[in-house]
Every structure is written in structure tokens, then in C-alpha cells.
Amino acid sequence: MTRTHDPRATAEPAPEAASEAGSEAASEAGSEAGSGPGGGRDRPAGLGPVGWLRWFWRTLTSMRTALILLFLFALASVPGSIYPQRGVDPGAVAQYFKDNPGYAEWLDRFWLFDVFQAPWFAAIYLLLFVSLIGCVVPRLGVYARELRRRPPAAPRNLARLPQHAAFTAEGGATVEDLAAALRRRRFRVATGPGWVSAEKGYLRESGNLIFHIALLGMLVAVGLGSLYGYRGNVLIVEGNGFANTVAAYDRYMPGTRVSAESLAPFSFQVEDFQANYVLAGQQRGQVLDFLARLKVTDRPGAKPYEYTLKVNEPLEVDGTQTYLIGHGYAPSFTVLDGQGQVAYQGPVPCLAENINTFASECTIKVPDAKPEQLGLSVRFLPTTVPLQDGTLVSAFPAALQPTAQVRAFAGDLGLSSGIPQSVYLFDTEKLKKMKPLVMKADPLEVGQSIDLPGGAGKVTFTGVKEWISLQIAYDPGRVPALIAAVLAIAGLLLSLTIRRRRIWVRVQEPDKDGSTVVQVGGLTRTEGGAAGFAEEFADIVKALGATSAGVKDAR
Amino acid sequence: MPVEVNAGLAGLSDTLILATVLLYVFAMIGYALELGFGRVTARAAAEPARELVTVGGGAPVAAETGGGDGARPVPAWASKAGLVAVVLSWLGWAANLGSILTRGLAVDRWPWGNMYEFVVAICFAAMTVFLFMQLRYTVRFLGAFVSLTATLGLGFAVRYLHIQAGPVVPALNSYWIAIHVSAAIIASGLFIMSGVSGVLYLIRGEGPSRLPSRADLEAVAHRAIVISFPIWTFAVIAGALWADKAWGRYWGWDPKEVWAFITWIAYAAYLHARATAGWRGKKAMIVQLVAFGCLLFNLVGVNMFLGGLHSYAGLPG
């Protein structure tokens with residue numbers, strides 16, 4: 001009965017094609033979707049290149065292939081969460097290479113440190129999206145035709161429908177009145193001799209199409225961001241400034257279509273950084289709040305203004321966002337060399353070894369020291385406490401009792417070798433080749449100094465500053481991605497909550513006393529929608545009864 | 001910013017959570033008695049979907065008596081045990097709610113800032129979904145399994161995840177926690193319902209059993225997923241919006257993001273599998289359970305094994 005009127009039963013196999021078919025048509029539509037080209041059972045033999053192309057296309061756009069691609073997509077993401085990723089944490093990748101060089105090399109051959117940029121990952125999602133397009137485009141056509149078509153004529157026997165009722169209208173009932181009642185309930189209505197046919201819930205398919213198209217939009221937005229956006233990290237010590245140019249970044253990752261001139265020309269000065277910590281209890285030392293006071297200049301020549309940068313409150317200048325993502329200590333030192341000249345002066349950013357206590361390691365390379373180059377390895381403790389065995393540790397992340405323990409080496413720093421090295425860490429191999437000057441010394445407090453043996457110089461601990469690390473990002477895909485996301489949610493809600501349903505009414509010829517028997521049948525084509533529909537159907541029958549005078553025998 | 005923790009309220013919260021666990025355990029026993037000594041479900045009920053809508057939720061399983069062991073009389077106390085269980089679970093639910101509220105008040109913030117609070121909230125959400133669902137539909141048969149899950153979850157949280165009430169790290173100090181984490185909690189509560197139904201579906205097999213019919217279980221699972229999938233989608237998108245505020249990008253393939261994405265794909269695959277010939281029924285249920293596994297791994301496993309930016313979840317030790 002409904003099968004012959006069901007456009008979906010002959011449509012392309014597509015998401016929910018089967019679920020939307022009527023309860024009886026479901027199995028047929030479903031088996032059609034499965035045993036179609038996607039099933040691969042009716043592979044064309046000797047059809048020539050066009051036939052094969054068509055077969056390939058239909059296989060790709062079949063529901064079964066889409067399902068397999070979805071699984072592959074999920075599975076392919078897993079290694080991205082297991083192995084460190086270059087785009088997320090390049091330091092961890094370098095560490096992995098150091099720890100397992102042979103294994104890491106093989107992993108790298110399969111792009112496992114760049115899973116989300118890998119060609120095989122791209123292959124999966126591009127195939128998935130092609131499959132999606134192949135699914136959505138024909139459905140758009142079907143849906144457009146469906147929107148223009150009248151609801152199908154009433155089947156002969158309404159009593160065979162899942163929902164059915166009948167009543168006798170003593171005063172007679174007309175097709176026009178009944179149709180008007182259904183129109184009032186926002187049904188799309190068609191009438192014929194003695195019957196009314198009505199359908200509602202077209203938004204379900206709209207939602208479905210909007211959702212899938214929004215997913216395509218999301219892909220485009222992400223692509224836009226990676227082509228025209230850029231991202232960079234920079235570490236700034238209190239009192240220093242930053243101007244948004246490529247050279248100012250410690251790490252700069254531009255999109256392929258970004259030119260160095262297109263960076264928004266803002267600059268700022270880091271006036272002050274403050275961190276507050278929990279002072280007591282189980283969570284003692286946990287950070288409560290960070291804030292950095294900046295003096296920002298939007299473009300050269302503009303008036304500078306104050307901005308308080310916090311976590312969750314980035315600075316935005318012309319669509320470019322600046323985020324506070326990390327912090328640490330930068331103790332200041334003055335290093336005099338063997339000739340009494342100032343060879344180094346200023347703060348040195350240290351890496352925290354332990355983020356709970358901020359015990360930090362710092363490296364000072366003094367290539368200008370004479371007669372020999374100096375290398376200092378400093379252990380900085382913000383709140384210094386001696387343990388029972390005499391070792392010193394940091395007990396709290398704030399700089400309450402800061403000390404610096406200096407180890408000094410003399411010799412060739414190897415800076416001229418041309419091999420790039422970390423600014424913040426010594427290569428231990430290099431250190432072994434240098435001559436140790438001071439290996440164990442009492443910790444310095446601010447203002448104290450240590451003389452290097454053999455007249456090699458003097459190191460003074462002059463003060464404590466803090467550094468902040470910032471991420472600066474420009475992503476033109478943000479807003480389009482948000483719009484796509486909102487559309488996707490809206491589409492999803494429509495497609496999952498709206499029921500597609502049909503109501504048919506047959507009005508029999510009036511008796512000799514003028515009363516008519518009205519039959520009503522209803523069908524929902526949405527799986528799992530039958531329950532709620534029963535209530536709605538009862539409501540509709542009641543409303544239809546109210547249009548005609550003197551209803552009795554409502555069954 | 002307030003740093004003081006109201007120790008009295010925090011202690012009350014800890015006491016209430018123990019009461020919750022006990023009440024859920026007793027409720028579970030009640031449900032199990034009803035299930036074990038109540039009627040045997042013969043075949044799938046004639047029209048599962050319509051049965052689900054039965055308002056009022058009278059009999060626990062509305063199918064015919066019968067099956068293998070003939071017409072053995074059903075003890076009258078069996079369904080009473082079920083009723084007692086419902087009352088106990090409402091009490092447990094109230095204690096659970098009280099525990100969450102007092103903890104939130106004790107620290108003056110949203111009470112889902114660490115793993116312990118998050119797991120407690122998810123168990124609460126699962127119980128809420130079950131209790132409100134059984135008001136309207138006949139799903140009391142799931143009671144034993146939902147309260148078992150909630151008990152295990154809470155026990156795990158109390159034993160292994162508990163940390164003192166306290167303030168959160170600055171990144172969590174945002175109104176987005178109310179939006180993103182709440183959505184994740186609600187969706188997870190619903191997914192637990194469907195997960196429990198899915199496990200029962202596979203254990204059950206065809207034919208007569210004391211467990212509810214496969215059609216019923218499938219209907220419950222599908223209904224829960226249809227509601228929770230958009231909520232989960234929203235939670236992921238809200239997370240992206242928050243990440244855009246806090247970390248400088250809306251999507252960065254952090255392990256938690258990867259697994260939220262995998263979970264989303266897996267549930268999407270379930271919805272598509274339902275509409276594909278040859279995948280309906282058991283296969284779709286397995287897909288659903290795989291998705292549920294991904295969800296659980298994302299909620300707990302990622303924080304324990306993978307780390308990443310979401311690792312401020314405050315695991316003790």
C-alpha cells in the first residue's frame with residue numbers, strides 16, 4: 001500500500017533511508033539499500049569502463065561503504081592519541097626519537113607523529129566526504145521533488161494502517177471541512193473524491209540534509225584555517241616586549257597561503273606577571289589564578305592601552321588572538337669573566353622540572369667570556385627547604401625563598417658547530433667535554449655571588465623575574481566553523497526529533513438521514529516514532545470529529 | 001577569588017556520597033529480587049514501541065507469563081521488592097544530589113572540576129535518566145543494572161579518585177565548565193542507559209528469559225542514543241568553543257579531543273547502522289557497545305593513560 005507511494009523506497013541508498021520508510025516498507029527499502037550496488041553481489045561483468053566507473057561510484061556512495069569509512073576514520077584517529085604529535089607537542093616527539101631511535105624512525109615513515117596530516121588519514125576523510133556528497137546530492141533532488149508533490153492518494157482500506165479510527169458524523173461531514181482541520185494543524189493536504197490525504201514532518205529530511213551539508217562546511221572551514229591562518233609561540237620575560245613579526249616568534253607555524261607581511265602589526269610590553277597559589281591543604285601549591293598585565297599597541301602609532309591577560313581571557317587584536325599558556329621563572333645573573341668584563345647580564349628563562357614546586361633548571365651560555373667560554377647550569381628553587389639529608393628542594397611554587405645553585409664549566413660551548421641546540425638546555429654530551437669548574441656549591445640567595453676557581457670569573461644572582469609563554473593565533477576559519485557547527489546541531493535536532501507522518505481520511509456517501517461515516521488512518525514513517533504518534537493520532541481524530549456536527553460512535 | 005573551603009559542607013558531601021552508595025546497593029538488591037523471582041519474559045512483546053509508552057509504569061515486565069518452567073506462581077513480594085527498590089533509589093538519588101550540591105557550595109564553584117566530581121555527577125545523571133524514564137515507561141527491569149553501574153562508578157570514585165574539596169586550576173575557572181561539562185555529563189548518563197541495555201541484549205539471547213525482551217532493550221537503547229547524540233555533539237562543540245578561549249585553537253587533536261571525536265563517530269556509525277540492511281539488531285548493538293567503550297575510555301582512560309591538556313582532572317597520588 002504505502003510502498004507504491006514511497007519515494008524513499010526507490011531513492012538512493014542513503015542515511016536513514018530505511019528507517020524512514022513505513023513499518024512494512026522498511027524491510028524492503030532496507031534490503032534494497034543493502035543488496036544494491038553496495039552489496040557487491042550484482043557486480044557488472046564486462047560492462048566496460050563506464051559501467052565500472054558507475055559501479056565504483058555507487059559502491060563508494062553506498063551506506064555500507066560509508067559505515068566502513070566511518071569506522072576507519074575513528075580507528076585512524078587512535079594512533080594520534082597514543083603517539084606524541086608534532087603539531088601538538090614537538091618536544092615529546094623529539095624525546096621519543098631519543099628514547100627509541102629505531103622504532104621512532106619506522107613510526108615516522110608511517111606518519112604516526114603527524115597522524116592528522118598524514119596522506120592515509122586524508123584519504124579516509126576525503127573518501128568519506130566524497131561518499132557523503134554522493135549521498136546528499138541525489139537526496140537533495142529527491143527531496144526537492146517531494147516538496148513539490150502532493151501527498152499520495154488515500155489507500156483503499158484505511159483499517160489496515162497501523163493507526164486507524166472511524167466515527168459517524170450525524171450532521172454529515174465534508175471533505176473540505178476535514179481538509180481545513182488538517183491544514184490548521186499545519187499538514188500538507190491533498191483532496192480527492194471522498195478522501196483527504198495529509199502529510200507532515202518534511203523538516204526531518206531538511207534537518208538531515210542540513211546536518212550533512214554542515215559537516216562539509218566544517219571541513220571547508222578547517223581547511224580555510226589551515227591555509228590562511230597561522231600560529232606561533234613566544235616566551236617573554238617580564239619587562240620585555242613583543243611585536244607581531246615572524247622573526248619575533250620562538251616557533252612559528254604559518255598556513256601555506258600566509259605571507260610574512262599579512263601578520264597584524266600589533267605589539268605589547270609585558271609589564272608584570274602574577275600567579276596565586278593555594279596556600280594550605282591537600283591542594284597546597286595548586287595555582288589559583290594567573291594574570292599578566294600588558295601594555296598593548298594595536299598598530300604602530302596607535303595609543304597604547306592596558307590589558308590584563310588571563311587564562312580563558314585572550315587578547316584579541318584584529319582577529320588575532322593572544323593566549324597565556326604557560327609561565328616559569330627567569331632568575332637574573334651577572335657573569336664576570338676572567339678579565340673582569342661583564343660577559344653576561346640579565347634574566348635567564350628556566351624550565352620547570354616539577355610544575356607543582358617549580359624547581360627549575362636553567363642554562364646560561366656565555367660565549368663571550370675570556371679566556372675560555374663559560375657554561376653555567378643552574379638549579380633554581382623558588383621556595384628552598386632543606387631535607388633531613390641536607391639536599392635542597394622547593395616546597396612551594398611561589399618565589400618565597402628563592403635560591404640558585406650554580407654549576408660552572410669552562411671550554412668550548414660548541415656553538416660554532418652549526419648544529420642547532422636548545423637555548424634552555426645543555427647537551428649533556430657537550431658538558432662532558434668541558435672542564436668542570438664548580439660542581440657543588442652552596443645555593444646563592446638574591447644578591448650573593450660565587451667566585452669561579454682559577455680566576456675564571458664571578459657569578460652574581462641579581463634577582464628573580466618570571467616569564468610567560470604565549471600562543472598567538474590567527475584562524476579565519478573560526479567563525480565559519482562555528483556557523484557550520486550551529487547548523488549541524490540544528491539539523492541534527494530536526495532530523496532526530498521530527499516524525500514524518502501521514503494521515504488519510506475517507507468520507508463515505510451520506511446515509512438517507514444525512515449522517516456520514518468517516519474513516520481515518522495514520523502512518524508514521526519514522527522508526528521508533530510509533531509510540532508518540534499514537535497520541536497525536538488520537539488527538540487528530542478528536543479534532544476531525546469536532547469539525548462535523550453530532551459525532552457519535554467514535555471508535 | 002574565594003579560596004576558603006567550607007569544611008563542614010565538604011564533610012557532609014563525603015558522608016552523603018557514602019549514603020548514596022549504600023542506598024543504591026540496597027536498591028540494586030531489590031530490583032534483582034524482583035527480576036529474579038518475578039515473571040519470565042516469553043517472547044518479544046507484540047509491539048515493543050507501544051509498550052514503552054504505557055503511562056504510569058505499572059507491571060515491571062508487561063509480557064506474558066510462561067516459558068520453560070511452566071506456570072510457577074510468582075511470589076507477591078517480588079513486585080513489592082521492585083517498588084521498595086524504586087523508593088530506595090529515589091532516596092539514593094536525593095543523597096547523590098545533596099552530595100553534589102554541598103560539594104559545590106563548599107567550594108563555591110561548579111562541582112565538576114576534577115575526576116572524582118565528574119564521575120559522581122555522571123553516576124547521578126545515569127540514575128536520573130533511569131528514574132525519570134521509569135516514571136513514564138516500563139523500564140524498571142533495567143533498575144538492577146543501572147544501580148549496579150552507578151554503585152560501581154561511585155565506589156570507584158570514592159576509593160580511587162577522591163580528593164578533598166578545593167579550588168580548581170585557572171583553565172577550569174570559566175563559565176564554559178557549566179556548559180561543556182554539564183552537557184558531557186548528561187550525554188554520558190544517557191549513554192550509560194543505552195550501554196547497560198546493550199550489554200543485557202547481548203547476554204540475553206533469544207527465547208524466554210528473566211531478562212527483558214530484546215526488542216524492549218533495543219528500544220530503550222535507541223531512544224537514549226537518539227536523545228544523547230545531539231547533546232554529545234553539543235558538548236564537543238562547546239568544548240571546542242572553550243578550547244578556542246583557553247588554549248588558542250578550537251580543535252587541536254589533544255587526546256581527549258581525539259577520543260571525544262572517536263566516540264562521536266562511533267555513535268554516528270550506530271545511527272547509520274540502524275538504517276542499513278544487514279546491520280540492524282545485534283550488529284548495531286555491538287557498534288553501540290563499541291561506541292560506549294570509547295566513551296568510557298574517553299571519560300576515564302584518557303586521563304589515566306594518555307594525559308594531554310585535559311590532565312588537570314586532579315587524580316590523587
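Just so it is clear: chains get the letters A, B, ... in the order the sequence lines come, proteins before strands, and each one is counted from 1.
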Listed partners of A:Tyr249 passing side-chain hydrogen bond (donor to acceptor under 3.5 Å, both in side chains), at least two apart = A:Asn244

Straight-line distance of A:Ser81 OG to B:Asp254 CG, nearest 0.5 Å | 9.5 Å

Using non-hydrogen atoms and a 4.5 Å limit, figure out which bit of A:Leu482 sits close to chain B: side chain, backbone, both or neither.
-> side chain

Under 4.5 Å from a heavy atom of chain A, the part of B:Trp176 involved = neither

For A:Gln85 and B:Trp253, indicate whether the former's side chain and the latter's backbone hold a donor-acceptor pair under 3.5 Å.
-> no

Derivation of the side-chain contact (heavy atoms from CB on, under 4.5 Å) call for B:Val287 and A:Phe71 | CA-CA 10 Å; B:Val287 173; A:Phe71 277 122; 3.7 Å; yes

Of all of A:Phe73, A:Phe290, A:Phe211, which one pairs up most often with chain B through heavy atoms under 4.5 Å apart?
-> A:Phe73

Nearest-0.5 Å distance that lies between atom CD1 in B:Ile225 and atom CG in A:Leu496 = 11.0 Å

Apply salt bridge (charged side-chain N to carboxylate O under 4.0 Å, His left out) to B:Arg109 and list each qualifying residue two or more places apart in sequence or on a separate chain.
-> B:Glu117

So which of A:Ala488, A:Gly477, A:Ala485 has the biggest tally of heavy-atom pairs under 4.5 Å with chain B?
-> A:Ala485

Check whether A:Gln321 gets within reach of chain B through its side chain, its backbone, both or neither, counting any heavy atom under 4.5 Å.
-> neither

Determine, step by step, whether A:Tyr323 and B:Asp244 satisfy the side-chain contact (heavy atoms from CB on, under 4.5 Å) criterion, reporting the C-alpha distance in whole Å, the side-chain angles of both residues, the deciding distance to 0.1 Å, and the verdict.
-> CA-CA 10 Å; A:Tyr323 301 85; B:Asp244 182 62; 3.8 Å; yes

May I ask you to name which of B:Gly248, B:Ser174, B:Ala246 has the most heavy-atom pairs under 4.5 Å with chain A?
-> B:Gly248

Non-hydrogen atoms of chain A under 4.5 Å away: do they reach the side chain of B:Trp264, the backbone, both or neither?
-> side chain

Separation between NE2 (B:His272) and SG (A:Cys135), nearest 0.5 Å, reads 7.5 Å

Part of residues 229-240 of chain B lying next to chain A, heavy-atom separation under 4.5 Å | B:Phe229, B:Pro230, B:Thr233, B:Phe234, B:Ile237

Could you have a look at A:Asn312, A:Leu70, A:Val311 and say which one has the most heavy-atom pairs with chain B under 4.5 angstrom?
-> A:Asn312

Which pairs with one or both residues in residues 274-285 of chain A pass salt bridge (Lys or Arg N to Asp or Glu O under 4.0 Å), sequence neighbours excluded?
-> none

Considering all heavy atoms, the nearest A:Leu67-B:Ala269 contact | CD1-O, 3.4 Å

Checking heavy atoms, do the side chain of A:Val115, its backbone, both or neither come under 4.5 Å from chain B?
-> neither

